[in-house]
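The figures that follow rest on heavy atoms only: side chains count, while hydrogens, waters and symmetry mates do not. Nothing fancy with the numbering, it's 1 onward along the sequence.
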Amino acid sequence: QVQLVESGGGLVQAGGSLRLSCAASGRTFSRSAMGWFRQAPGKEREFVAAISWSGGRIAYRDSVKGRFTISRDNAKNTVYLQMNSLKPEDTAVYYCAAGNVFATTQSYDYWGQGTQVTVSS
């Protein structure tokens, strides 16, 4: 079992930066693949970024490549999403997820409650 709590969301102007954190509890975190997803109002939840348990495999959706960076600290049971050059279209609730298999789909086993990111133009 893994419990996930996201933090770091907020309101930022276009071009600004935010760093999201996802703190995990549970003894399997260090062996879990982690993902970030987002859901904008009126839209389906979509993949943003994923990282394997070792950090050796990483994937991003095309629209965030070069702007977002996913990382993890297994000693702190935390995964991060550094978001730079934010755009209004990045506005969404951001969720972290954990699972046994690295994936860019929503096939993760555990999900956090989400944190709101709002980018003003």
How long is the straight-line distance from [atom2] of [Y] back to [atom1] of [X], given to the nearest 0.5 Å?
{"X": "Cys96", "Y": "Ile51", "atom1": "SG", "atom2": "CD1", "result": "12.5 Å"}
{"X": "Gln82", "Y": "Leu20", "atom1": "CD", "atom2": "CG", "result": "9.0 Å"}
{"X": "Met83", "Y": "Thr69", "atom1": "CE", "atom2": "OG1", "result": "11.0 Å"}
{"X": "Arg38", "Y": "Gln116", "atom1": "CZ", "atom2": "CD", "result": "12.0 Å"}
{"X": "Asn77", "Y": "Met34", "atom1": "CG", "atom2": "CE", "result": "9.0 Å"}
{"X": "Ser32", "Y": "Tyr108", "atom1": "OG", "atom2": "OH", "result": "10.0 Å"}

Do side-chain atoms of [X] reach the backbone of [Y] as a donor and acceptor pair under 3.5 angstrom?
{"X": "Gln13", "Y": "Ser120", "value": "no"}
{"X": "Arg61", "Y": "Phe47", "value": "yes"}
{"X": "Thr78", "Y": "Ala23", "value": "no"}
{"X": "Arg67", "Y": "Ser85", "value": "yes"}
{"X": "Glu6", "Y": "Thr115", "value": "no"}

Check: Which residues pass the ring pair (Phe, Tyr, Trp, His ring centres under 6.0 Å) test with Tyr80, sequence neighbours left out?
Finding: none
Note to self: My understanding is that only residues two or more places apart in sequence, or in another chain, count here; which of them pass side chain to side chain contact (heavy atoms under 4.5 Å, CB included) with Arg31?
What the structure shows: Trp53
Next item on the list: Specify the closest pair of heavy atoms between Leu18 and Val117, including all atoms of both residues, with the distance to one decimal.
Entry: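 Nearest pair, atom of Leu18 first, then Val117: CD1-CG1, 3.9 Å.
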Margin query: I need the minimum non-hydrogen distance between Trp36 and Leu81, along with the two atoms involved.
Written below: NE1-CB, 3.6 Å
Check: Looking at Asp90 and Lys87, does any basic side-chain N land under 4.0 Å from a carboxylate oxygen?
Finding: no
Item checked: Verdict with supporting geometry, Trp111 and Arg45, side chain to side chain contact (heavy atoms under 4.5 Å, CB included) -> CA-CA 12 Å; Trp111 293 82; Arg45 189 162 59 186; 3.5 Å; yes
Next item on the list: Describe, in one word, how the ring planes of Tyr94 and Phe68 are oriented to each other, choosing from parallel (under 30°), tilted (30 to 60°) and perpendicular (over 60°).
Entry: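 Tilted, since the angle between the ring planes falls between 30° and 60°.
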Notebook entry, point to check: Looking at Phe29, does the NZ or CZ of Arg72 lie under 6.0 angstrom from its six-membered ring centre and within 45 degrees of the ring axis?
Noted result: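 Cation-pi check for Arg72 and Phe29: passes.
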